[in-house]
Colleague: 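Okay, handing you the structure first.
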Amino acid sequence: MNRRHHKSGLALGSFTQPDESWRERTLPPGTKVLLVEDEPELRTALKRVFARYDCEVFEAGDGESALAAALQHLPHVVVSDFEMPFMNGFELIRRMRHHDALHGVPVMMLTGSPRAFNLAESLECELAVLLRKPIGGDALVEAMSRTLGARLPARPQDELDAEELRRAETHHAPTSDVDPRRAEAELQSLLGKTARDAYDFESDRPAAPTDMHEAAAADAAPIIKMVNAILGMAVDKKASDIHIEPQEKAVRVRFRIDGGLIPQLEVPIAMCRPMTARLKIMASLNISERRVPQDGRFRMRLPDGRKLEIRLSTLPSQYGEKVVMRLLGQARISGDLRSLKLHPRDLECMQTALANPNGLILVTGPTGSGKTSTLYTMISSLNSTDRNIVTAEDPVEYEMPGITQVNVRNEVGFTFDKALRAFLRQDPDVILVGEVRDAETANTAMKASVTGHLVLSTLHTNDAVTTVTRLVDMGVPPYMVAAAVRLVVAQRLVRTLCIHCKQSWQPTDSQTRFLTKEEVRRLGSVQSPKGCERCDGVGFKGRTAVMEVLHIRTTPMREAITRCVNPDALQALAVSEGMRPLRRGVLDLVERGETSLTEALKILVDE
């Protein structure tokens, strides 16, 4: 009885009632057949059968040589034995399916082994037909005719397309006229030094399955040097992210520097797959899988001994896989709060809050506003031999001696809330929680802060005052917020002007419409970016934080929080007690010529 799978066309069993109509279709002349059989006598007999139909037959005696022959000749159908040296028929099919050029090639398995008659394995591998030995020549050709159906030998243009696929797959020949070593030389000239071969790389994941052709190309010396050069260039320029983006004719490499994406170089499109494969190997990803996104990470040891963690993400796109890498741990953390360049009043408030043995300190702002750096600076200022400091992070971005740092693992249920509960049994003095994401974490942090622990964390809110209402919305009782929270720091990052090329600028009407008349009068002319060699033509060099600091220490403020007064009234009360809003802070930077009005408007318009 025939059993057919509706999707893959799998048929198990023998053909007991052959349909003679197949003879009218027969096999098209020139059909490419890859014959995989380890017994030479059987290969010879099968070749005679296919020769009667003018088939072009290619032979292989084991799985490895069969895979190489398939990539070289791109057959229309594969007839394979099940029991072979080194790998069986199912393993061969899996290896074939990793290659785009071979993904749709039907495989017929001819075997006498009972292990081959495994329906689950057959369906998983998308096996076309499974035939039991012995079998006659007519029955074999009939099965092949049914398997091919309306398949015809490829037209000349199809052959060219298939050859291009094969060349791209195996990387035996580049698809452009540019030599990889020439691209490497261009990278070295951009760096002004040799490519970085001295960096140490390590991954925290087990090695993933690899394809021998992809791996060989990725391990070629020019590819390694090219990838190392790009990583070294990003480190030198203090980039936070690397974007490798395949376009139609080239691969564009951009770095996110000081919050902006800046093009760095273009490399030939032929280098796209080898570069991607190299990065995947470093992150222990599956280099043969290019149809779905993948995420990984690896570490890079800098010459000064610091470890840089690199988070890698791939995304299939029209011309290849786009790779984005986030570089964690680039910045140097100082234990001096003055390095935050706070206003004297804000610095005093922060020092007072950190001197308390208990309470909750929150740093708020959108993603990429520098919250983590501010938290680490606070923690570093508290780090001493007489304090037990523990942190729960996702991930640990900076390694700090003398502090117990823990990575949360959401995939195994080790969340911020569970980590915080575990910390309370570890006799801590100071606790850092990477982020308050839910009501459970918020309530646990509150309870910890009123029972003798200093807790620091982050929260996603737009300003300091709305942090209070956000905590209440999460289910924390208002009286608990008033009792536990000591300090709320809301911050943003703005780019600072290059001191070598900034120039005077008269604000336009489109810019001043976001300012009051008093602010326009106070600013007068402002500074704007121009661009020079020292800032790579951008006009900005570095970033600085703009902060507003809400210090909850007075009775009127605690009473207002307990009564849940509206945010506008709370804001007015905070300003009357000395809080400097974000708006005032960023306009002070503009007035001093440290940033441009265009940068300031990114904060002002968001208000």
Colleague: Check for a donor-acceptor pair, side chain of Thr377 on one end and backbone N or O of Ser373 on the other, with a separation under 3.5 Å.
Modeller: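 At least one qualifying donor-acceptor pair exists.
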
Colleague: Between Asp394 and Arg437, is there a salt bridge with N-O shorter than 4.0 Å?
Modeller: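 So Arg437 pairs with Asp394 through a salt bridge.
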
Colleague: Can you find a heavy atom in the side chain of Arg297 that is under 4.5 Å from one in the side chain of Glu309?
Modeller: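 The answer is yes; the side chains approach within 4.5 Å.
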
Colleague: Could you grab the distance from atom CZ of Arg470 to atom OG1 of Thr461, nearest 0.5 Å is fine?
Modeller: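 Arg470 atom CZ to Thr461 atom OG1 measures 9.0 Å (nearest 0.5 Å).
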
Colleague: Check for a donor-acceptor pair, side chain of Glu289 on one end and backbone N or O of Asn286 on the other, with a separation under 3.5 Å.
Modeller: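 Such a contact is absent between Glu289 side chain and Asn286 backbone.
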
Colleague: Does one side chain, of Ser339 or Asp336, offer a donor that lies under 3.5 Å from an acceptor on the other?
Modeller: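 Asp336 and Ser339 do not have a side-chain donor-acceptor pair below 3.5 Å.
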
Colleague: I'd like to know if the side chain of Ser457 pairs up with that of Glu435 as donor and acceptor (distance under 3.5 Å, no hydrogens or angles considered).
Modeller: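 Looking only at side-chain atoms, Glu435 and Ser457 do not form any donor-acceptor pair under 3.5 Å.
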
Colleague: Closer than 3.5 angstrom, by distance alone: can the side chain of Gln351 be matched with the main-chain N or O of Cys349 as a donor-acceptor pair?
Modeller: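 Checking the backbone N and O of Cys349 against the side chain of Gln351, no donor-acceptor pair under 3.5 Å is found.
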
Colleague: Would you say that Arg580 contacts Met547 through its side chain, given a criterion of any heavy-atom pair below 4.5 Å between the two side chains?
Modeller: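 No, every pair of side-chain atoms sits at 4.5 Å or beyond.
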
Colleague: What are the two closest heavy atoms between Leu312 and Phe298, and how far apart are they?
Modeller: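 Nearest heavy atoms, Leu312 then Phe298: CD1-CE2, 4.2 Å.
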
Colleague: Partners of Asn383 by side-chain hydrogen bond (donor to acceptor under 3.5 Å, both in side chains), sequence neighbours excluded?
Modeller: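 With neighbours one apart ignored, the set is empty.
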
Colleague: Do Thr544 and Thr496 get their side chains close enough for a donor-acceptor pair, meaning under 3.5 Å?
Modeller: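 There is no such pair (donor and acceptor under 3.5 Å, judged by atom type) between the side chains of Thr544 and Thr496.
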
Colleague: Side chain of Asn443, backbone of Ala439: donor and acceptor closer than 3.5 Å?
Modeller: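 Yes; judged by distance alone, with no hydrogens or angles, the pair exists.
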
Colleague: Tell me, with the steps shown, if Glu518 and Arg521 meet salt bridge (Lys or Arg N to Asp or Glu O under 4.0 Å).
Modeller: CA-CA 5 Å; Glu518 174 60 25; Arg521 185 195 62 78; 2.5 Å; yes

Colleague: Does Asp463 reach the main-chain N or O of Thr466 with its side chain, forming a donor-acceptor pair under 3.5 Å?
Modeller: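 Checking the backbone N and O of Thr466 against the side chain of Asp463, a donor-acceptor pair under 3.5 Å is found.
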
Colleague: Do you know the tightest heavy-atom contact between Ala353 and Leu487?
Modeller: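 Looking at all heavy atoms of both residues, the closest pair is CB-CB, 3.8 Å.
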
Colleague: Quick one: closest heavy-atom pair of Val489 and Met378, and the distance?
Modeller: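 Nearest pair, atom of Val489 first, then Met378: CG2-CE, 4.3 Å.
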
Colleague: Hydrogens and angles aside, do Asp417 and Thr444 bring a side-chain donor and acceptor to less than 3.5 Å of each other?
Modeller: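 Side-chain D/A pair, Asp417 to Thr444: present.
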
Colleague: Go through the side-chain N and O atoms of Gln527 and Ser596 and say whether any donor and acceptor fall under 3.5 Å apart.
Modeller: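 On atom types as modelled, these side chains do not qualify, holding no pair under 3.5 Å.
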
Colleague: With Gln247, which residues qualify under side chain to side chain contact (heavy atoms under 4.5 Å, CB included), at least two apart?
Modeller: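 Applying side chain to side chain contact (heavy atoms under 4.5 Å, CB included) to Gln247 gives Glu245, Arg252.
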
Colleague: Run Asp241 and Arg326 through salt bridge (Lys or Arg N to Asp or Glu O under 4.0 Å) and show every step you take.
Modeller: CA-CA 4 Å; Asp241 299 86; Arg326 168 67 57 89; 2.5 Å; yes

Colleague: With side chains defined as the heavy atoms from C-beta onward, is the minimum distance between Val433 and Leu456 less than 4.5 Å?
Modeller: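 No, side chains not in contact.
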
Colleague: Work out which heavy atom in Lys502 is nearest to a heavy atom in Gly593; give both atom names and the distance.
Modeller: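 That would be NZ-O, 2.9 Å.
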
Colleague: Could you walk me through whether Asp295 and Lys280 satisfy the salt bridge (Lys or Arg N to Asp or Glu O under 4.0 Å) test, starting with their C-alpha distance in whole Å, then the side-chain angles of each, then the deciding distance to 0.1 Å, before giving a yes or no?
Modeller: CA-CA 9 Å; Asp295 296 300; Lys280 283 184 173 182; over 6 Å; no

Colleague: Does the Arg492 side chain pair with the main chain of Gly370, one donor and one acceptor, at a distance under 3.5 Å?
Modeller: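 No.
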
Colleague: Given side chains that start at C-beta, do those of Val406 and Phe423 come closer than 4.5 Å, heavy atoms only?
Modeller: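 Yes - at least one pair of side-chain heavy atoms lies under 4.5 Å apart.
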
Colleague: Taking His500 as the fixed residue, which of Lys541, Glu533, Arg534, Lys530 is the one that meets the side-chain hydrogen bond (donor to acceptor under 3.5 Å, both in side chains) rule?
Modeller: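 Of Lys541, Glu533, Arg534, Lys530, side-chain hydrogen bond (donor to acceptor under 3.5 Å, both in side chains) with His500 is met by Arg534 alone.
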
Colleague: Run the side-chain hydrogen bond (donor to acceptor under 3.5 Å, both in side chains) test against Ser510 and tell me which residues pass, sequence neighbours left out.
Modeller: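 Listed in chain order: Thr508.
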
Colleague: Using only atom types and a distance under 3.5 Å, with no angle test, would you say the side chain of Ser525 pairs donor to acceptor with the backbone of Trp505?
Modeller: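 Pair absent, no side-chain N/O of Ser525 close to backbone of Trp505.
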
Colleague: Is a donor on one side and an acceptor on the other found under 3.5 Å between the side chain of Glu548 and the backbone of Ala464?
Modeller: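 Answer holds: yes.
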
Colleague: Any donor-acceptor pair under 3.5 Å linking the side chain of Arg256 with the backbone of Gly259?
Modeller: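 Yes.
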
Colleague: Heavy atoms, side chains only, cut-off 4.5 Å: are Thr469 and Val472 in contact?
Modeller: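 Of all side-chain heavy-atom pairs linking Val472 with Thr469, none is under 4.5 Å.
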
Colleague: Thr458 and Gly434: which non-hydrogen atoms are nearest, and at how many Å?
Modeller: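 The answer is OG1-O, 2.6 Å.
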
Colleague: Can Arg345 and His343 be counted as having a side-chain donor-acceptor contact under 3.5 angstrom?
Modeller: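 Their side chains do not contain a donor-acceptor pair, so the 3.5 Å distance test is not met.
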
Colleague: Once you round to the nearest 0.5 Å, how far does OG of Ser380 lie from CD1 of Ile403?
Modeller: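 Output value for this atom pair is 6.5 Å.
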
Colleague: Taking it one step at a time, do Glu577 and Arg553 satisfy salt bridge (Lys or Arg N to Asp or Glu O under 4.0 Å)?
Modeller: CA-CA 10 Å; Glu577 292 185 353; Arg553 58 178 172 178; over 6 Å; no

Colleague: How about Asn358 and Arg486: do any of their side-chain heavy atoms sit closer than 4.5 Å?
Modeller: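 SC-SC contact between Asn358 and Arg486 confirmed.
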
Colleague: Which pair of non-hydrogen atoms, one from Leu459 and one from Val436, has the smallest distance, and what is that distance?
Modeller: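 The pair with the smallest heavy-atom distance is CD1-O, 3.3 Å.
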
Colleague: Are the side chains of Pro507 and Val526 in contact, using a 4.5 Å heavy-atom criterion?
Modeller: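 Sidechains of Pro507 and Val526: in contact.
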
Colleague: Below 4.5 Å, heavy atoms only, C-beta onward: do Thr314 and Lys322 meet side chain to side chain?
Modeller: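 Thr314 does not reach Lys322 side chain to side chain.
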
